[in-house]
Amino acid sequence: MSLSGFLYAVIIGLGIGSIYALIALGYTMVYGIIRLINFAHGDFLMVGGYTMFYLMPVFVSIHLPVWLTVIGAVVVCAAVGMLVELIAYRPVRKRGTGMSALITAIGMSLLLENLAQVFFSATSKNFGRSFFPAGGIGAGAIVIPYTTLITVGVSAVLMVGLVFLVQKTRLGRAMRAVSEDKEAAIVSGINVNQTILFTFAIGAALAAFAAVAYCNNQGLVNPTLGANPGLKAFVAAVLGGIGSLPGAMIGGLVIGVLESVAKVIPGVSNYVDALVYVVLILVLLVKPSGLLGKKESEKV
């Protein structure tokens, strides 16, 4: 593999990794605040994809850019995220155990996928056009696609905005307080249920942004669209350190670059998915809490 080929693979990998990172941020936010692995989170990407698919003809008819359909996807995904929290996770959180919450999360993922089949059929639906302009910018012997530049740029802005929200805003302080000590947060006057609800909404909205880039790459949407990227994003969140926002970002970029580079290496391209999990296992053997995760002490 030539140097230019390697660099091109890295650049494309950063674009893919940015998508994983956006989804991984949703995983890590929910886990950080209620210690739940929301396996339905990847399916929010699928919800965003269908929303954009059905909004696209409307936007085209009124001569608006099709990428603006992401606004509708953000609203719908946020609403679905809050609905999932209200009808599924909140009752289990009050009466169930950690295991019952995990089973509920898996059940919600299957429910969303099957509902999509009922309403939209199992057949893939093709978008028929790209969300982003074709072509790219030349950098020496490499042409960087506009799609990759836009994906990385928007993802970086969203990630910085999320860090600002968590670190500098009242909602962010409430989220951190609930994450550290839920009982103390209640005593201090924080509405824990509302904070958790907003966390789900924000995480689902990030998945909607990821849906634009992912659907643009795939060119289609189907009921299981979010399964594979959702699983890869979960791996990214664990790799970076579940519960750590910077860890989710780094984990997503690492997985994306690893995948992209592996695909252009002869003899390795057929084992890309296996390679991702092997790397995860090796990292966790050395650092069980992930790259940026903190070791948690058990309370007795």
Side-chain angles (χ1 to χ4, degrees), residues 7-30 32 41-42 44-45 48-49 52 65-71 73-74 77-78 130-139 142-169 171-172 175 199 201-218 226 229-230 232-261 290-293:
L7 291 176
Y8 181 76
V10 170
I11 292 170
I12 296 300
L14 289 175
I16 298 170
S18 296
I19 298 173
Y20 293 155
L22 287 176
I23 307 172
L25 285 169
Y27 273 114
T28 208
M29 285 175 66
V30 171
H41 189 71
F44 295 154
L45 184 144
M52 292 185 295
V66 292
W67 59 265
L68 283 176
T69 55
V70 70
I71 297 173
V74 167
C77 284
S130 175
F131 288 92
F132 307 130
I137 295 177
I142 303 172
V143 176
I144 306 174
Y146 288 128
T147 297
T148 299
L149 290 171
I150 294 171
T151 301
V152 173
V154 171
S155 298
V157 170
L158 290 172
M159 292 173 194
V160 171
L162 181 62
V163 171
F164 176 82
L165 182 146
V166 172
Q167 297 295 330
K168 302 296 183 180
T169 67
L171 175 60
M175 291 166 62
T199 301
I202 294 169
L206 290 173
F209 281 105
V212 180
Y214 193 73
C215 289
N216 187 75
N217 290 343
Q218 299 296 312
K232 296 289 180 61
F234 171 67
V235 171
V238 174
L239 179 65
I242 192 77
S244 167
L245 295 181
M249 300 176 202
I250 293 174
L253 294 176
V254 168
I255 295 298
V257 171
L258 180 65
E259 274 193 2
S260 183
V261 172
L291 295 174
L292 298 183

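Here the structure is a predicted model, which is why all the values come from computation and not from measurement.
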Nearest 0.5 Å please: distance from the CZ atom of Phe209 over to the SG atom of Cys77. 10.0 Å
How far does OG1 of Thr147 sit from CG of Asn216, to the nearest 0.5 angstrom? 4.5 Å
Please find the pair of heavy atoms, one from Pro145 and one from Tyr8, that lie closest to each other, and give the distance. CG-OH, 3.9 Å
Residues Phe131, Thr69; criterion side-chain contact (heavy atoms from CB on, under 4.5 Å); working and verdict: CA-CA 9 Å; Phe131 288 92; Thr69 55; 3.5 Å; yes
Please give me the minimum heavy-atom distance between Val30 and Thr199, naming the atom from each residue. N-CG2, 4.3 Å
Closest approach of Leu245 and Leu25, non-hydrogen atoms and distance? O-CD2, 3.6 Å
Do you know the tightest heavy-atom contact between Ala213 and Phe132? CA-CE1, 4.2 Å
Contact check, side chains of Leu14 and Thr148, non-hydrogen atoms, under 4.5 Å: no
Less than 4.5 Å apart, any side-chain heavy atom of Lys232 and any of Ile23? no
Are the side chains of Val163 and Met249 in contact, using a 4.5 Å heavy-atom criterion? yes
With distance as the sole test, does Ser155 use its side chain to make a donor-acceptor pair with the main-chain N or O of Thr151 at under 3.5 Å? yes
Can you tell me how far apart CG (Leu149) and CD1 (Ile11) are? Round to the nearest 0.5 Å. 8.5 Å
Which pair of heavy atoms, one from Gly226 and one from Leu45, lies closest together, and at what distance? CA-CD2, 4.2 Å
Between Tyr214 and Ala207, is there a donor-acceptor pair closer than 3.5 Å when you use the side chain of the first and the backbone of the second? no
dist Met29:CE -> Leu162:CG (nearest 0.5 Å) comes out at 5.0 Å
So do the side chains of Ile150 and Pro133 get within less than 4.5 Å of each other, counting heavy atoms only? yes
When rounded to the nearest 0.5 angstrom, what distance separates CG in Leu239 from CD1 in Ile242? 11.0 Å
Give the minimum heavy-atom separation between Ser244 and Leu292, together with the two atoms involved. OG-CB, 3.8 Å
Run the ring pair (Phe, Tyr, Trp, His ring centres under 6.0 Å) test against Tyr20 and tell me which residues pass, sequence neighbours left out. none
Keeping the roles fixed (side chain from Ser260, backbone from Ala9), state whether a donor-acceptor pair exists under 3.5 Å. yes
